[in-house]
Amino acid sequence: MRFTKMEGLGNDYVYVNCFREKVYDPEILARLVSDRHRGIGGDGLILIGPSARADFNMDIYNADGSRAEMCGNGIRCLGKYVYDHGMTEKTEFTVETQAGIKRLRCILQDGRVVAVCVDMGRPDIGAAVEMAVLPDETVDFVRVSMGNPHAVVWVDDIYVCQMETLGPEMEVHPMFPNRTNVEFVQIVDEDHMRMRVWERGSGETFACGTGACAAVAAGIAAGRTRDSVKVSLLGGTLDIDYDRQNETMYMTGPAREVFEGWTDIY
Ligand SMILES: N[C@H](CCC[C@H](N)C(=O)O)C(=O)O
């Protein structure tokens, strides 16, 4: 099976072009290819396929094999792949996901995609909640859905935030029937935040596009940020812009192809 390794701010996925390859059990394949010692290595698997409702279809599976509704860094790389590999001549096109149809606008340099702006849709913000975590502590967070679930935790310093314990504990807390991604967010000022993320099904990653959108949505709702925010993650910076007019979040960031390969891993 041929594959392509791609990354957005270090959030890396193994891509399979399902216009050419047949994948029978993506949950098993995701676990096999994501293994950084016995497999190709990545935060998960992304399948590029046809869609009856959009130009392309994206299916994303986390490193543990669980299927996710959407992936911000992943969809930017899909946009780069389909343009650079001549599967479309359009620089603006649509991608069907389990979180609805997303519109992408590719940013070119020397004829190749270097960055993509994605219409991430309307964030769905829940109330601020308090959660009991062990040992007899509580943590305040805000639920935000970008099609996939997020819990945004405000911290004073992302490098001193007990992420290694709080992340996995909150991911599987019974409050989240489908588990959740967890963002630890430090407000720098009203148009800049720093963030680390514990991803559902993948653990800590270098970046999370849907998570960055969720964090900005929570920041705007709490009156802590303006509508356009730079989100600094371990892997780099995303530009997140909220359009109040049409209640839509836009995410702009880089996309990179690392290598192509062939594997008989399954
Ligand atoms: N772990 C996420 C999927 C990947 C999202 C992230 N990598 C992004 O860039 O949005 C979930 O289970 O909802």
Side-chain angles (χ1 to χ4, degrees), residues 5-15 26-27 30-31 33-34 36 41-48 58-81 95 97-100 102 104 115-124 126 141 143-152 163 167-168 170-173 175-185 195-218 231-240 249-256 258:
K5 183 74 193 296
M6 303 188 80
E7 57 91 7
L9 298 183
N11 187 205
D12 58 335
Y13 290 89
V14 175
Y15 286 72
E27 289 85 355
R31 288 195 292 273
V33 300
S34 300
R36 295 190 188 278
D43 291 323
L45 167 72
I46 289 182
L47 306 181
I48 304 168
M58 177 178 83
D59 282 324
I60 173 209
Y61 297 83
N62 292 307
D64 69 354
S66 59
R67 189 177 187 185
E69 300 83 352
M70 176 53 189
C71 180
N73 291 314
I75 203 169
R76 296 201 315 273
C77 290
L78 183 149
K80 174 176 176 63
Y81 181 93
V95 179
T97 75
Q98 292 294 300
K102 308 298 176 187
L104 281 65
V116 183
C117 175
V118 185
D119 174 342
M120 297 290 282
R122 188 177 67 83
D124 180 5
F141 67 94
R143 285 175 197 260
V144 182
S145 171
M146 291 305 300
N148 60 345
H150 296 272
V152 176
M163 190 185 82
M170 290 180 70
E171 175 192 356
V172 298
H173 196 283
M175 285 181 85
F176 305 105
N178 298 316
R179 299 189 289 165
T180 189
N181 301 285
V182 190
E183 285 77 24
F184 298 85
V185 183
M195 183 181 118
R196 285 173 71 186
V197 57
W198 181 271
E199 283 203 32
R200 174 179 63 172
S202 295
E204 179 169 24
T205 62
F206 270 41
C208 179
T210 52
C213 293
V216 171
V231 181
S232 297
L233 301 116
L234 296 185
T237 300
L238 286 173
D239 291 315
I240 308 296
M249 199 62 95
Y250 293 91
M251 168 197 64
T252 306
R256 180 169 160 261
V258 187

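All ligand and atom numbering here is 1-based and tracks the order in the structure.
A side chain to side chain donor-acceptor pair (under 3.5 Å) with Ser66 is found for exactly one of Glu27, Arg200, Arg179, namely Arg179.
Arg200 NE, 2.7 Å is the protein heavy atom nearest to atom 12 (O) of ligand 1. Remark: minimum distance from atom 9 (O) of ligand 1 to any protein heavy atom is reached at Gly209 N, 2.8 Å. Counting only heavy atoms of the protein, atom 4 (C) of ligand 1 lies nearest to Glu199 OE1, 3.2 Å.
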*What's the verdict on side-chain contact (heavy atoms from CB on, under 4.5 Å) for Met58 and Lys102, showing C-alpha distance, side-chain angles and the deciding distance?*
CA-CA 10 Å; Met58 177 178 83; Lys102 308 298 176 187; over 6 Å; no

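Using a 4.5 Å heavy-atom threshold, the side chains of Pro149 and Phe176 count as separate. Two residues are said to be in side-chain contact when any heavy atoms from C-beta on lie closer than 4.5 Å; Asn73 and Leu238 meet this criterion. With contacts defined as side-chain heavy-atom distances shorter than 4.5 Å, the pair Cys208/His150 qualifies. The side-chain heavy atoms of Leu9 and Arg76, taken from C-beta on, include a pair separated by under 4.5 Å. The side-chain heavy atoms of Phe141 and Met170, taken from C-beta on, include a pair separated by under 4.5 Å. Under the 4.5 Å side-chain criterion, counting only non-hydrogen atoms from C-beta, Cys77 is not in contact with Ile46.
At most 12 non-hydrogen atoms from other residues, nucleotides or ligands lie less than 6.0 angstrom from CZ of Phe206.
The distance from ligand 1 to the heavy atoms of Ala68 drops below 4.0 Å at these ligand atoms: 3 (C), 11 (C), 12 (O), 13 (O). Under a 4.0 Å criterion applied to the non-hydrogen atoms of Ile60, ligand 1 contributes the atoms 3 (C), 4 (C). Proximity to Gly72 (heavy-atom distance under 4.0 Å) selects the following atoms of ligand 1: 8 (C), 9 (O), 10 (O). Which parts of ligand 1 touch Met70 is read off a 4.0 Å heavy-atom cut-off, strictly below it: atoms 3 (C), 4 (C), 5 (C).
In this structure, Met146 does not count as a contact residue of ligand 1, since none of its heavy atoms falls inside 4.0 Å of the ligand. Residue-ligand proximity: Thr205 is placed with every non-hydrogen atom at 4.0 Å or more from ligand 1. Close to ligand 1: Cys208, with a non-hydrogen atom less than 4.0 angstrom away.
With a heavy-atom cut-off of 4.0 Å, Asn181 touches ligand 1 through its side chain alone. Residue contacts with ligand 1, taken as heavy atom pairs separated by less than 4.0 Å, involve Asn73 via backbone and side-chain atoms alike. Under 4.0 angstrom from ligand 1, the non-hydrogen atoms of Asn62 all belong to its side chain. For Phe206, no heavy-atom contact with ligand 1 is shorter than 4.0 Å.
Across Gly41 and Asp12, no two heavy atoms sit closer than the pair O-OD2, 4.0 Å.
Residue Asn11 holds the heavy atom nearest to atom 7 (N) of ligand 1 of all those in Asn178, Ile75, Thr210, Asn11.
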